There are 2 protein chains.
Amino acid sequence: MTASYRPLSRKDIRRENEKLILEAAEKVFAEAGFGGATMQLIADMAGLPKANLHYYFPTKESLYRQVVQAIFLDWLKAADIFDAAPGPVEGLGAYIDAKMEISRRHPAGSKVWASEVMHRAPVIQDYLETTLMEWTEGRMDVIRRWIAEGKMDPVDPRHLLYMLWATTQHYADFGHQIETLNGGRPMSDAQWVAAKESVKSIILKGIGARPSPDG
Amino acid sequence: MTASYRPLSRKDIRRENEKLILEAAEKVFAEAGFGGATMQLIADMAGLPKANLHYYFPTKESLYRQVVQAIFLDWLKAADIFDAAPGPVEGLGAYIDAKMEISRRHPAGSKVWASEVMHRAPVIQDYLETTLMEWTEGRMDVIRRWIAEGKMDPVDPRHLLYMLWATTQHYADFGHQIETLNGGRPMSDAQWVAAKESVKSIILKGIGARPSPDG
DNA sequence: GTCTATATATCGATAGAC
DNA sequence: GTCTATCGATATATAGAC
């Protein structure tokens with residue numbers, strides 16, 4: 001493999017350092033909360049002097065805001081699968097799988113979001129009122145359509161969505177409790193498979209989801 | 001009504017002030033997290049000078065620990081209903097009702113617990129490893145017995161418990177998000193009834209719970 | 001048991017040399 | 001773009017008069 005040794009441009013340096021800082025910040029904010037996190041700890045974890053953080057992100061809050069925004073966008077993307085599906089078995093099943101996988105691979109992000117919402121969303125309230133509201137209304141329409149088409153029981157679509165969010169995110173947000181109850185060991189691959197199957201099985205049966213005719 | 005005007009003893013004063021402080025602390029810790037909470041804010045909310053907090057609770061952490069302990073004991077008590085029930089319809093139904101009612105009446109406590117667990121339980125890890133572990137094992141045994149008796153499908157009892165916790169506590173921990181998606185209005189009485197019914201209906205049907213013969 | 005004043009530590013943020 | 005030194009604000013915690 002031949003690599004080009006073009007020196008890093010200012011833009012490259014900026015992008016790389018911002019990435020380092022954002023990754024470290026997500027972990028620290030998840031572990032300690034906004035108030036408990038310190039710029040010093042984030043700097044240490046990113047391997048940079050504290051002053052450099054303020055060079056790239058003017059304030060602690062602006063850094064935090066970018067962390068939360070990134071998480072929110074990831075979640076919205078993971079839900080595209082919802083609309084294209086022919087029915088609840090495929091749509092909700094794939095959505096549960098996708099959200100469980102985020103909880104497994106990206107637990108810190110889920111925790112930062114949970115903490116932000118628990119504290120009454122001081123930084124991203126505007127996202128709740130606009131993007132999340134519109135997304136939720138759209139997905140409730142999809143569920144209502146499935147109900148009208150006889151593909152599932154007439155459940156309240158709002159509380160079904162809450163149950164999906166709660167159940168899948170629980171494996172990230174309460175991962176430490178789950179690990180403790182698992183004898184102090186992280187969930188194994190097989191246990192994650194069992195968790196996904198349990199969640200999908202109970203919820204899909206609970207809403208009377210019927211497989212699509214051409215499934 | 002005749003009241004006895006015995007002057008308050010030192011013990012009475014202590015009990016009353018500790019109660020004032022603990023109630024204020026629970027709210028402040030829930031709203032701001034441990035790191036974001038300040039002794040000054042707790043003192044203001046309790047109507048006492050800040051120095052008095054340190055008279056009753058030597059450190060911020062000792063005050064926080066008592067808040068978390070109180071919540072944990074409340075939750076354990078709310079689950080007594082589990083064992084006496086003849087089957088999952090009565091037992092899990094009543095447990096869901098009880099936990100939803102706690103989420104409604106006592107949301108701050110649920111948030112403090114969630115925050116503590118999300119931050120890897122720095123203060124109450126011993127409770128997770130002893131009391132919660134034993135409680136969980138006992139309740140899984142109950143569920144296994146119901147399965148053996150043919151009263152419900154052979155679901156994984158551990159993931160069923162996680163689903164119960166996640167779904168019910170979501171209405172407290174993410175109450176702000178739910179309120180925002182409800183047009184900025186808190187859930188009405190009727191909406192709480194609908195939420196409880198949705199959760200019970202989906203989960204009980206999802207695990208194939210069959211009513212007891214003499215129910 | 002109460003309260004004002006203050007000690008001590010630490011945080012976010014910045015100045016300024018390199 | 002980097003880094004040391006430091007400012008100013010604010011936090012926990014305590015001392016000591018009442």
Side-chain angles (χ1 to χ4, degrees), chain A residues 5-68 112 115-116 119 122-123, chain B residues 5-68 112 115-116 119 122-123:
Chain A
Y5 288 102
R6 177 172 53 85
L8 291 176
S9 68
R10 298 237 155 168
K11 193 178 285 183
D12 290 335
I13 292 174
R14 171 168 284 273
R15 186 160 37 218
E16 190 164 330
N17 281 339
E18 282 181 352
K19 186 162 173 286
L20 273 176
I21 295 169
L22 285 169
E23 285 175 359
E26 184 181 274
K27 285 182 191 164
V28 174
F29 283 133
E31 295 265 333
F34 179 81
T38 68
M39 297 296 270
Q40 185 64 61
L41 195 57
I42 297 172
D44 291 347
M45 190 166 292
L48 294 170
K50 189 180 66 157
N52 291 30
L53 267 62
H54 284 98
Y55 175 74
Y56 289 107
F57 300 90
T59 67
K60 182 186 182 184
E61 183 172 321
S62 67
L63 172 56
Y64 174 77
R65 187 177 173 88
Q66 287 219 18
V67 169
V68 180
V112 175
S115 184
E116 165 71 6
H119 301 153
V123 173
Chain B
Y5 288 102
R6 177 171 53 85
L8 291 176
S9 68
R10 297 235 155 169
K11 193 178 283 182
D12 290 336
I13 290 174
R14 171 167 283 273
R15 186 159 40 217
E16 190 164 330
N17 280 340
E18 283 181 351
K19 185 161 174 284
L20 274 177
I21 295 169
L22 285 169
E23 286 176 356
E26 183 181 275
K27 286 182 191 163
V28 174
F29 283 133
E31 295 265 333
F34 179 80
T38 69
M39 296 296 270
Q40 184 65 62
L41 195 57
I42 296 171
D44 292 347
M45 191 166 291
L48 293 170
K50 188 181 63 159
N52 291 30
L53 266 63
H54 285 98
Y55 174 74
Y56 290 107
F57 301 91
T59 67
K60 181 185 181 183
E61 184 171 320
S62 68
L63 172 56
Y64 173 77
R65 185 177 174 89
Q66 288 221 17
V67 169
V68 179
V112 175
S115 184
E116 166 70 7
H119 301 152
V123 173

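Convention: sequence-line order gives letters A, B, ...; per-chain numbering from 1. Given the structure is predicted, the values throughout are model-derived calculations rather than measurements.
Here the C1' atom of nucleotide C/dT10 and the CG atom of A/L41 are 13 Å apart, to the nearest Å. Computed from coordinates, the A/Y56 OH to C/dA13 P distance equals 18 Å when rounded to whole Å.
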Check the pair B/I21, B/L48 against side-chain contact (heavy atoms from CB on, under 4.5 Å), reporting the backbone distance first and the verdict last.
CA-CA 8 Å; B/I21 295 169; B/L48 293 170; 3.8 Å; yes
Determine whether B/Y56 and B/L63 satisfy the following criterion, side-chain contact (heavy atoms from CB on, under 4.5 Å), listing intermediate values before the conclusion.
CA-CA 9 Å; B/Y56 290 107; B/L63 172 56; over 6 Å; no
Using the rule given for side-chain contact (heavy atoms from CB on, under 4.5 Å), can you reason through A/T59 versus A/Y64, listing the C-alpha separation, both sets of side-chain angles and the distance that settles it, and then say yes or no?
CA-CA 9 Å; A/T59 67; A/Y64 174 77; over 6 Å; no
Could you walk me through whether A/E23 and A/K19 satisfy the salt bridge (charged side-chain N to carboxylate O under 4.0 Å, His left out) test, starting with their C-alpha distance in whole Å, then the side-chain angles of each, then the deciding distance to 0.1 Å, before giving a yes or no?
CA-CA 6 Å; A/E23 285 175 359; A/K19 186 162 173 286; 3.3 Å; yes
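Close approach of DNA chain D to chain A, defined as any atom under 4.0 Å from a non-hydrogen atom of the protein, starts and stops at D/dG1 to D/dT4.
Within a 6.0 Å sphere centred on NZ of B/K60, other residues, nucleotides and ligands contribute more than 12 heavy atoms.
No option in B/N52, B/V67, B/L22 other than B/L22 meets the side-chain contact (heavy atoms from CB on, under 4.5 Å) test with B/F57. Under the side-chain contact (heavy atoms from CB on, under 4.5 Å) test applied with B/D12, the options B/R15, B/R14, B/R10 reduce to a single match, B/R15.
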Dot-bracket assigned to DNA chain C with the 3.5 Å Watson-Crick/G-U criterion, [ ] for crossing and | for other-strand pairs, is ||||||||||||||||||
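At C/dT14, none of the side-chain N or O atoms of A/H54 fall inside 4.0 Å of OP1 or OP2 (strictly under the cut-off).
Contact annotation for B/A37: backbone-only contact, meaning every heavy-atom pair under 4.0 Å involves sugar-phosphate atoms and none involves a base.
Summarising the geometry of A/P49 relative to A/A43, their closest heavy-atom pair is C-CB, 4.0 Å, with the distance given to 0.1 Å.
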